[in-house]
Undergrad: 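Right, I'll just put the structure down here and ask away after.
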Amino acid sequence: MKATPVPQSMQQVGQFQRLLLIVLMATLSCMTQSFVIAQEQVTTPTKELSRTGFVLIDTVRPSATRYGVYAQGLLQQHSASFGGFAAPLDNSFDLGTFSLAGGTISGAAGGMAEFRITGGLGVGARVGITAFTPILSYTLPTAIGPLEIPAQYSISAATNIVALNIEPFVTYRLLDRLSLWAGASLALPIVKTFLQKLDVNTTESSTDPLVEIVRKKAQSEVQGTLQSSLIPMLSVGASWEFSLDKYGKTMIAPEVSYTLGLGDVATGLFAKMGSVASWRMNILRVGASLRFAPERTTGILAEEIEEQFKRYDDSVRSAEVAKQAALRAIVKDAVQASFEEVVGIARDGKVVPNPSVRVEEFLASTSRHIVNIVFFGEGSAELPSRYRRLRSADKANFSLERLADQTTLQTYYHILNIIGKRLTNTPTAKLTLLGYADAVNEKADKTLALRRTERIKEYLLDVWKIDEKRIVTKSGGTRQQQTADALDGEESRCVEIQSNVPEILEELHFDYTLRTIEPPMLRITPKIFAGAGIKQWMFEATQIIGNESRALKTMTGNTDPTPIIINLQSAPESEQPASDDVLSLELQAVDINGRDAKAPIWSVPVEVVSVEKKRKAGKRDERVDTYMVFSFVLGTNTLQAEDVAVQRIVKAISQTLKSGAKVDITGYTDTRGTVEVNKTLSEERAKSVAKLINFTGANTQGVGSTTLHDNSLPEGRFYNRFVRVDVRTPLR
């Protein structure tokens with residue numbers, strides 16, 4: 001028998017069914033997940049909890065109001081007793097009775113609402129779209145042609161019904177999560193088409209041409225619209241809710257219901273003579289609904305109980321605060337200031353109670369190396385602004401001694417002024433300026449390198465009035481390898497300064513008095529009470545020095561003060577204790593009404609052991625000389641021993657070394673490279689300097705990478721690649 005094409009309207013209903021099935025499967029998946037979530041939610045099993053007289057009562061009751069959407073799969077049960085929807089296709093046979101042939105699974109979807117009336121009783125309604133696509137059929141035996149070839153008439157009716165479904169119902173909540181409902185279900189068909197077909201099939205093969213003629217003549221189909229009206233049904237069902245959030249406001253509920261048909265699916269049906277046409281349909285529905293409740297439906301959660309307890313504790317604290325406020329109101333005119341604690345902080349971080357400060361002075365000297373290189377920006381021949389330039393009229397006031405209070409880099413940035421000053425004082429000295437460019441970005445541009453030397457020459461000629469014949473400029477190309485990184489490029493964009501007189505570029509030497517202070521820091525904890533509120537407080541640490549009171553530390557504030565730290569060791573010399581008079585700590589507070597109070601003065605004993613005092617007392621003393629050794633190749637412990645600066649420093653150290661001296665040699669690196677590599681490299685550098693000095697008993701160590709100087713600048717990295725030599729010589 002030839003396959004019958006399905007009408008387009010029937011195909012649309014099939015697609016609708018598939019969509020409903022997908023929605024149903026997704027809903028069931030969410031339902032499973034929600035079950036896990038529901039099991040993980042922890043609620044307190046008790047309705048009354050207490051803490052120190054505080055009572056928390058769980059008055060939450062599940063709400064029976066719901067809004068939501070649903071999706072269902074439908075299993076149809078049809079009971080048919082009719083012969084056709086339209087006039088018989090062929091009056092040559094008697095009408096048979098249709099029976100269900102297939103297509104019984106379909107779907108429905110829509111919205112729902114439920115409302116509580118009293119107790120567990122409530123009402124609700126559902127409105128949705130339902131699709132039915134049953135295929136009904138029956139067969140009649142017959143014979144074809146003179147040979148009476150056995151055959152049969154196959155009559156089928158494919159229906160397509162899409163209905164608007166309205167279901168008012170009464171609901172009863174048997175448990176908090178379990179609800180039962182019953183009500184009417186009214187289906188109003190919107191789409192109601194049918195396709196009724198007649199096919200003739202022979203039960204055996206035949207070559208009689210008359211058979212084919214009869215078959216083709218008998219085959220026919222009729223397509224039309226069902227005569228139908230409102231389809232009344234009764235429904236009963238049950239659902240169980242699972243919460244999707246901790247408050248139970250969002251839920252998913254698996255559902256099952258049964259619908260009993262009370263009327264015919266269609267009217268205008270044909271039946272056999274003497275029989276009554278009817279077509280009833282019952283439906284088993286399985287699905288789920290996504291529901292929303294305007295109120296929470298769960299009991300109080302454990303964390304909410306803790307929150308309630310926290311609020312109670314906060315209320316207790318608030319009461320205490322109120323009590324204190326009342327107390328302050330009583331003493332609002334009171335203002336008090338005091339020192340709660342004064343302690344020292346030793347170098348190892350330990351606390352020193354009831355401290356006394358000991359300041360010991362030593363004669364000392366330091367060398368400050370001048371890196372004989374000036375660095376430039378990429379592609380530029382302009383002298384960077386960080387290099388200090390003088391006006392010609394100010395050069396007379398420039399002196400090397402004034403650089404003693406400057407940092408290492410601040411001193412280095414005066415390199416052109418230092419060289420200019422020394423050239424002025426040494427007429428026979430000459431300079432050679434070697435310009436360089438980086439190999440990657442500047443392509444070893446010799447012209448750019450030469451222009452850089454000319455900028456330095458111009459400054460020395462214009463400001464320091466150096467004879468042009470004393471300065472030679474050259475282009476050195478590049479100091480960078482093609483494979484080097486960007487930092488190597490920065491260090492290659494420079495001008496190297498050389499002189500025929502070594503003293504022009506030698507390090508600076510400064511003699512000074514070194515002070516060591518124990519403990520190096522003081523920690524002062526002030527305490528202020530002002531009933532009306534603090535307007536301002538003032539702290540001052542003073543000492544009598546040369547019959548005058550000198551303020552070593554001053555602080556002010558307008559809120560409760562925190563501990564005050566005084567770093568005596570790192571403070572400028574003018575802010576360090578300098579006499580044997582006590583260090584006086586003073587604290588004053590003023591409230592918002594102008595009333596003030598002063599704390600009793602706290603005195604910290606001070607002892608200054610000066611060089612002169614040690615000499616008069618015949619006490620053992622020592623001198624501290626510090627030297628800086630540079631000229632290390634990047635990334636190695638190799639010293640350029642032929643460098644005259646290295647030779648000069650080593651010679652100066654050797655001349656300083658005396659019997660009984662203590663020598664500490666410390667190596668440093670810049671921050672290029674790993675921490676482990678730099679630690680090893682710094683130790684090796686210290687050992688290489690110790691080998692040059694050749695002093696028995698020298699203590700060597702490496703601290704690794706350092707941030708003593710700015711590692712983002714090429715000169716900062718140069719100055720971080722060095723070895724410090726401290727020589728402590730005992731004085732007799």
Side-chain angles (χ1 to χ4, degrees), residues 10 13 16-17 20-21 23-24 27 66 68-82 85 97-115 121-136 157-172 179-194 225-239 253-269 271 276-289:
M10 297 297 290
V13 172
F16 179 70
Q17 287 178 316
L20 287 178
L21 287 174
V23 172
L24 179 60
T27 304
R66 304 285 189 272
V69 294
Y70 68 89
Q72 299 173 333
L74 311 182
L75 178 61
Q76 308 163 29
Q77 298 174 312
H78 292 268
S79 174
S81 179
F82 65 95
F85 298 115
T97 301
F98 279 112
S99 62
L100 181 64
T104 60
I105 298 177
S106 60
M112 54 83 66
E114 293 182 13
F115 306 94
L121 189 64
V123 295
R126 296 186 177 214
V127 178
I129 297 296
T130 305
F132 310 105
T133 57
I135 299 176
L136 307 175
T159 60
N160 174 17
I161 303 173
V162 178
L164 174 65
N165 208 63
I166 302 173
E167 298 182 52
F169 55 84
V170 176
T171 180
Y172 183 75
S179 61
L180 309 175
W181 77 86
S185 179
L186 305 174
L188 178 62
I190 301 172
V191 177
K192 44 186 178 179
T193 61
F194 71 88
T225 302
L226 292 174
Q227 298 180 37
S228 64
S229 58
L230 195 65
I231 305 172
M233 293 177 279
L234 288 177
S235 291
V236 293
S239 66
E255 305 173 339
V256 61
S257 63
Y258 189 79
T259 302
L260 178 67
L262 300 180
D264 288 329
V265 177
T267 59
L269 304 172
V276 178
S278 68
W279 179 13
R280 299 294 175 90
M281 175 177 60
N282 302 326
I283 306 171
L284 176 65
R285 303 170 182 248
V286 179
S289 59

Undergrad: Could you pull out every donor-acceptor pair under 3.5 Å between side chains of residues 183-192 and any protein atom, sequence neighbours left out?
TA:
{"from": "Ser185", "atom 1": "OG", "to": "Asn165", "atom 2": "ND2", "distance (Å)": "3.3"}

Undergrad: Check step by step if side-chain contact (heavy atoms from CB on, under 4.5 Å) holds for Trp279 and Thr159.
TA: CA-CA 12 Å; Trp279 179 13; Thr159 60; 3.8 Å; yes
Undergrad: Provide the closest heavy-atom pair for Gly261 versus Arg280 in the form atom of the first, atom of the second, distance.
TA: O-NH1, 4.3 Å
Undergrad: Of the non-hydrogen atoms in Gln76 and Pro134, which two are nearest, and what is the gap between them?
TA: OE1-CD, 3.9 Å
Undergrad: Considering residues at least two apart in sequence or located in another chain, which fulfil the side chain to side chain contact (heavy atoms under 4.5 Å, CB included) criterion with Ala125?
TA: none
Undergrad: Going by the rule side chain to side chain donor-acceptor pair (under 3.5 Å), which residues pair with Tyr258 if we only count those two or more places apart in sequence or in a different chain?
TA: Gln77
Undergrad: Could you pull out all residues at least two apart from Phe115 that satisfy ring-ring contact (aromatic ring centres under 6.0 Å, His included)?
TA: Tyr67
Undergrad: How far apart are the closest heavy atoms of Thr130 and Ala108, and which atoms are they?
TA: OG1-CB, 3.6 Å
Undergrad: Using salt bridge (Lys or Arg N to Asp or Glu O under 4.0 Å) as the criterion, list what pairs up with Glu255, not counting sequence neighbours.
TA: Arg126, Arg291
Undergrad: Apply side chain to side chain contact (heavy atoms under 4.5 Å, CB included) to Val127 and list each qualifying residue two or more places apart in sequence or on a separate chain.
TA: Leu164
Undergrad: Leu234 and Leu262: which non-hydrogen atoms are nearest, and at how many Å?
TA: CG-CD1, 3.7 Å
Undergrad: When rounded to the nearest 0.5 angstrom, what distance separates CD1 in Ile283 from OG1 in Thr104?
TA: 11.0 Å
Undergrad: To the nearest 0.5 Å, how far apart are NE2 in His78 and CG in Asn282?
TA: 9.5 Å
Undergrad: Report the distance from atom CD of Glu167 to atom CE of Met112, rounding to the nearest 0.5 Å.
TA: 10.5 Å
Undergrad: At what distance, to the nearest 0.5 angstrom, does CZ of Phe194 lie from OG1 of Thr225?
TA: 7.5 Å
Undergrad: Does Leu136 form a side-chain contact (heavy atoms from CB on, under 4.5 Å) with Phe82? I'd like the steps, not just the answer.
TA: CA-CA 10 Å; Leu136 307 175; Phe82 65 95; 3.7 Å; yes
Undergrad: Could you pull out all residues at least two apart from Gln227 that satisfy side chain to side chain contact (heavy atoms under 4.5 Å, CB included)?
TA: Thr267
Undergrad: Measuring from atom CG of Leu74 to atom CG of Leu284, what distance do you get when rounded to the nearest 0.5 angstrom?
TA: 9.0 Å
Undergrad: Not counting sequence neighbours, which residues clear side chain to side chain contact (heavy atoms under 4.5 Å, CB included) with Ser278? List them please.
TA: Ser81, Asp264
Undergrad: By side chain to side chain donor-acceptor pair (under 3.5 Å), which residues pair with Thr259, not counting sequence neighbours?
TA: Ser235, Arg285
Undergrad: Atom OH in Tyr70, atom OG in Ser239: separation rounded to 0.5 Å?
TA: 13.5 Å
